[in-house]
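This report refers to the structure that appears directly beneath it.
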Amino acid sequence: MSIHAIATGRAESMFLPDIERQAETIRTAVKGRRVLAIGAAGSIGSNTAVVLGRFEPATLHVIDQNENALAEFVRQFRSDANAPDIPDFRTLPLDYGSAAMRYLMQQERPYDIVLNFAAIKHVRSEKDSFSILQMLDTNIVKQARFRRWLAESSPEARYFSVSTDKAANPSSFMGATKRIMEHVLFDADIAPGFRGEVTSARFANVAFSNGSLLQSFENRLARGEPLACPKEIRRYFVSLEESGHICTLAALLAPAGHIAIPRLDPREHLVPLRGIAEKFLEASGYAPRLYDDESAAKAELDETRGAKRWPLIMTPADTGGEKPYEEFVANGETVVEIGLGSMQAVTHRPSPTGNLADVIGRLERVVAGDGAGVDATEIDKDRLKGVIGEIEPDFLATHRDSDRNLDQRA
């Protein structure tokens, strides 16, 4: 069993049959075209760029602030036996909301396909108002700014920006900001003059992706540390390869104005994190030994390791934003078929309040930090939650608040 199959239960990508059936349609859309991929040195973006690269674009520009991740992406891309020699292949260490990014777009010829993977994507980032403010900037304000730049420089491009399953009935600030990102993505008034088709995709968790809980299993075992996972939490999982397939299908084949979702059944595919941790340890040659006490798990590690057992700390699910299970369809949304065996879609439903542009404008002034009528003492979680509630009123009820955060847990 491969390491990804421990989480997904699948030996190969469930999306591969659709990729193969639609190969000529995808090739027609990509071959000889100019492709821009933002935030694409991470797990999802890099795997999507590798898939798209196989369909022979003339240009592939990859943007990411993480220079080390860009270097590793180039190694991954150049090592792909199926990747053609792309005439204009470049990686650039840019913030997609920066002046440098805008200058690049102004100097380059228009792009045909633009994919955006940039995000603050961890629920743990709602631990304080400053992290939440950065989340609002990255997930919402820069998205709106970038859409306006895209309308200026590539008004006919097909545009895709990745969302998350946590955007459906969000319980966390991260999920709520990605839900608002969906509104920014599909609101024509945000970027007047943009005429291209726009799509998105809500994701399951990507097994063993960078920064994920499952990747921490590998890292902690390698460092000789106890593993930890929350009790009674279930999640959907896809593999790294599947993440690239999902975005390729959603970006190129989903109908405009829709958010693609994987065809995963909660009865079959919603799996407990504890079970994955136990299978991972067993595949690594250890029987799990469960602990509730972090100190005891660390103190007894040498003893348990000698007996071919490994400590697994089961932590309470009591932190801010944490949801016991994930879902892809929000209350009031409509699911539609899009001609794919592995995916469906939901039709985007606009914000019920109709004041998206006004709130985005105020957020832009706040994150600019230039003192434009903003008192620093007003930047607290409750006020920021209220701002989100002006666009997504349900968040005021669905948010799971707590005085504990993931930095306080093993």
Side-chain angles (χ1 to χ4, degrees), residues 12-64 70 73-92 96 104-105 107-118 146 149-151 153-162 185 194-201 239-258 260 338-343 345:
E12 64 176 24
S13 170
M14 66 175 280
F15 307 93
L16 183 58
D18 279 324
I19 292 286
E20 292 176 338
R21 278 194 294 268
Q22 301 291 338
E24 286 309 307
T25 302
I26 296 171
R27 188 173 302 280
T28 299
V30 175
K31 186 173 181 178
R33 306 287 182 162
R34 291 175 53 79
V35 178
L36 173 65
I38 296 159
S43 299
I44 298 172
S46 62
N47 280 276
T48 305
V50 166
V51 174
L52 291 175
R54 295 170 182 165
F55 291 95
E56 304 179 76
T59 295
L60 178 59
H61 291 170
V62 177
I63 307 297
D64 204 292
L70 278 177
F73 166 73
V74 172
R75 296 176 187 125
Q76 176 190 5
F77 190 83
R78 292 298 189 194
S79 297
D80 181 16
N82 298 312
D85 184 18
I86 297 173
D88 182 10
F89 173 67
R90 297 168 62 191
T91 64
L92 299 96
Y96 89 104
L104 170 73
M105 296 174 71
Q107 291 187 20
E108 288 290 327
R109 291 187 292 111
Y111 293 100
D112 301 299
I113 301 169
V114 180
L115 306 99
N116 192 342
F117 304 94
F146 181 77
W149 295 347
L150 199 60
S153 62
S154 302
E156 306 288 346
R158 187 174 180 96
Y159 184 46
F160 167 84
S161 186
V162 72
L185 192 63
F194 184 79
R195 298 179 293 278
E197 296 189 335
V198 180
T199 63
S200 186
S239 69
L240 289 166
E241 179 187 31
E242 287 178 326
S243 73
H245 290 165
I246 289 171
C247 290
T248 298
L249 294 168
L252 301 177
L253 300 178
H258 287 74
I338 56 174
L340 299 173
S342 61
M343 299 188 75

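No experiment lies behind these values; they were computed from the predicted model shown.
Classified by interplanar angle (parallel below 30°, tilted 30° to 60°, perpendicular above 60°), the ring pair F77/F89 is parallel.
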Under the side chain to side chain contact (heavy atoms under 4.5 Å, CB included) criterion, do R54 and D80 qualify, and how do the steps go?
CA-CA 9 Å; R54 295 170 182 165; D80 181 16; 2.9 Å; yes
Assess whether side chain to side chain contact (heavy atoms under 4.5 Å, CB included) is satisfied between M14 and L16, documenting all intermediate values.
CA-CA 6 Å; M14 66 175 280; L16 183 58; over 6 Å; no
Applying side chain to side chain contact (heavy atoms under 4.5 Å, CB included), run through D18 and F15 and close with a yes or a no.
CA-CA 6 Å; D18 279 324; F15 307 93; 5.5 Å; no
Before giving the answer on side chain to side chain contact (heavy atoms under 4.5 Å, CB included), spell out for I38 and L115 the whole-Å C-alpha distance, their side-chain angles and the decisive distance to 0.1 Å.
CA-CA 6 Å; I38 296 159; L115 306 99; over 6 Å; no
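Looking at S154, its side chain never comes within 3.5 Å of a backbone N or O of P110 through a donor-acceptor pair.
The stretch residues 249-258 participates, sequence neighbours left out, in these side chain to side chain donor-acceptor pair (under 3.5 Å) pairs: H258-T347.
A salt bridge is defined here as a Lys NZ or Arg NE, NH1 or NH2 lying under 4.0 Å from an Asp or Glu carboxylate O, and R33 with E56 fails to meet this definition.
Side-chain contact between L252 and T25 is absent, with no heavy atoms from C-beta onward closer than 4.5 Å.
If you take CD1 on I63 and CG on L70, they are separated by 8.0 Å, rounding to the nearest 0.5 Å. Interatomic distance, CZ of R21 versus CG of L249, reported as 10.0 Å (0.5 Å rounding). Here F194 contributes atom CZ and S153 contributes atom OG; the two are 9.5 Å apart, rounded to the nearest 0.5 Å. Between the CZ atom in F160 and the OG atom in S200 there is a gap of 5.5 Å [rounded to 0.5 Å]. With rounding to the nearest 0.5 angstrom, the CG atom of L36 is 10.5 Å from the CZ atom of R90.
The local environment of CZ in R109 is sparse, with at most 12 non-hydrogen atoms from other residues, nucleotides or ligands closer than 6.0 Å.
In terms of the side chain to side chain contact (heavy atoms under 4.5 Å, CB included) criterion, residue partners of V51 (sequence neighbours excluded) are, by chain and number, F55, H245, T248.
Judged by distance alone, the side chains of D64 and Y96 never bring a donor and an acceptor atom under 3.5 Å apart.
Residue L240 comes nearest to S43 through the heavy atom pair CD2-CB, 3.6 Å, listed as atom of the first residue, atom of the second, then distance.
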